[in-house]
A.B. asks: 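Structure in structure tokens, see below.
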Amino acid sequence: MASVGSMEEAARKRKEKLRAMRTKQNQSGENAMETDEKEALPKPVFRSYKPQDESLKEQAIPVAKPADVTEKIKSQLEASTTKEVVEEVDIMNLAPRKPDWDLKRDVAKKLEKLEKRTQRAIAELIRERLKSSGEDLATMVNAAMTQNVQDDD
């Protein structure tokens, strides 16, 4: 039975500690709220509103004056009045493009890759034929050259 008494005593001590912590927290929370309210209240900034109250007029932002743009306008007008004489007309720029020009442009990179693969495949096929026939490359080239010369004559 001694263990039951010690358990009740421990529970009572925990409850007292919790009460003390709650009261301490509530007191510090109230003090913190009072100081936060005094410090954390935002000050209004009046951009497009003109306050009527004298105390609020101090916080109004002064009206901005527009910048002088006459110099910029003058320089643009002077630049537009200069006459540019076109001496040479490029016909390619005037002629309309074919309807599929953009497709050809987009496909060009892919065609380059395919061309390289095709050349490799052709070279590989030639090597296989030479291996299967058992003849040397030099003799095959010489034979083709002599046949071309005979065809030309």
Side-chain angles (χ1 to χ4, degrees), residues 1-138 140-141:
M1 287 301 229
S3 66
V4 173
S6 64
M7 289 176 70
E8 288 177 358
E9 183 70 25
R12 187 178 53 77
K13 286 182 181 178
R14 281 195 306 269
K15 286 181 184 179
E16 288 176 7
K17 284 184 183 178
L18 285 172
R19 280 188 206 129
M21 287 174 57
R22 284 186 193 136
T23 56
K24 186 177 178 182
Q25 189 177 19
N26 287 340
Q27 289 175 355
S28 66
E30 289 174 4
N31 292 339
M33 287 177 143
E34 291 173 3
T35 57
D36 285 346
E37 286 178 7
K38 291 178 184 174
E39 294 176 4
L41 286 177
K43 295 182 179 181
V45 178
F46 302 107
R47 289 186 176 87
S48 61
Y49 173 73
K50 294 180 182 176
Q52 302 297 320
D53 190 12
E54 293 296 325
S55 63
L56 295 176
K57 285 187 178 181
E58 298 171 356
Q59 296 170 349
I61 296 176
V63 178
K65 296 180 181 178
D68 189 23
V69 293
T70 56
E71 292 298 321
K72 289 183 180 179
I73 293 173
K74 284 181 183 177
S75 65
Q76 288 179 357
L77 286 174
E78 289 173 3
S80 66
T81 57
T82 59
K83 295 180 180 178
E84 294 181 18
V85 178
V86 178
E87 294 179 11
E88 186 177 317
V89 177
D90 188 14
I91 296 175
M92 294 303 290
N93 289 338
L94 295 177
R97 293 184 175 174
K98 293 182 180 179
D100 61 347
W101 70 271
D102 56 340
L103 296 174
K104 289 180 181 178
R105 179 197 64 205
D106 295 340
V107 174
K109 293 178 184 176
K110 295 178 182 177
L111 285 176
E112 287 176 14
K113 290 180 184 178
L114 288 176
E115 185 66 29
K116 289 178 184 178
R117 289 182 185 175
T118 305
Q119 292 299 325
R120 287 184 197 147
I122 291 172
E124 189 174 321
L125 288 172
I126 291 172
R127 284 188 204 112
E128 288 177 6
R129 284 186 185 171
L130 289 175
K131 285 180 183 177
S132 66
S133 67
E135 294 184 20
D136 187 25
L137 177 65
M140 293 292 286
V141 170

A.B. asks: In terms of side-chain geometry, is the basic nitrogen of Glu16 or Arg12 positioned less than 4.0 Å from the acidic oxygen of its partner?
C.D. replies: yes
A.B. asks: So which heavy atom on Pro44 is nearest to which on Leu56, and how close?
C.D. replies: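 That would be CG-CD2, 4.4 Å.
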A.B. asks: Is the CZ atom of Arg117 crowded by more than 12 outside heavy atoms at less than 6.0 Å?
C.D. replies: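 Atom CZ in Arg117 is not packed in, count stays at 12 or less.
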A.B. asks: Please name the pair of heavy atoms, one in Gln52 and one in Lys57, separated by the smallest distance, quoted to 0.1 Å.
C.D. replies: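 Minimum heavy-atom separation between Gln52 and Lys57: O-CE, 3.9 Å.
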A.B. asks: To the closest 0.5 Å, what do you measure between CG (Leu111) and CG (Asp106)?
C.D. replies: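 Between atom CG of Leu111 and atom CG of Asp106 there are 11.0 Å.
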A.B. asks: Should the heavy atoms of other residues, nucleotides or ligands under 6.0 Å from CD of Glu128 be counted, would the total exceed 12?
C.D. replies: yes
A.B. asks: To check you understand the geometry: which heavy-atom pair defines the closest contact between Leu130 and Ser133, and what is its length?
C.D. replies: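 That would be O-OG, 3.1 Å.
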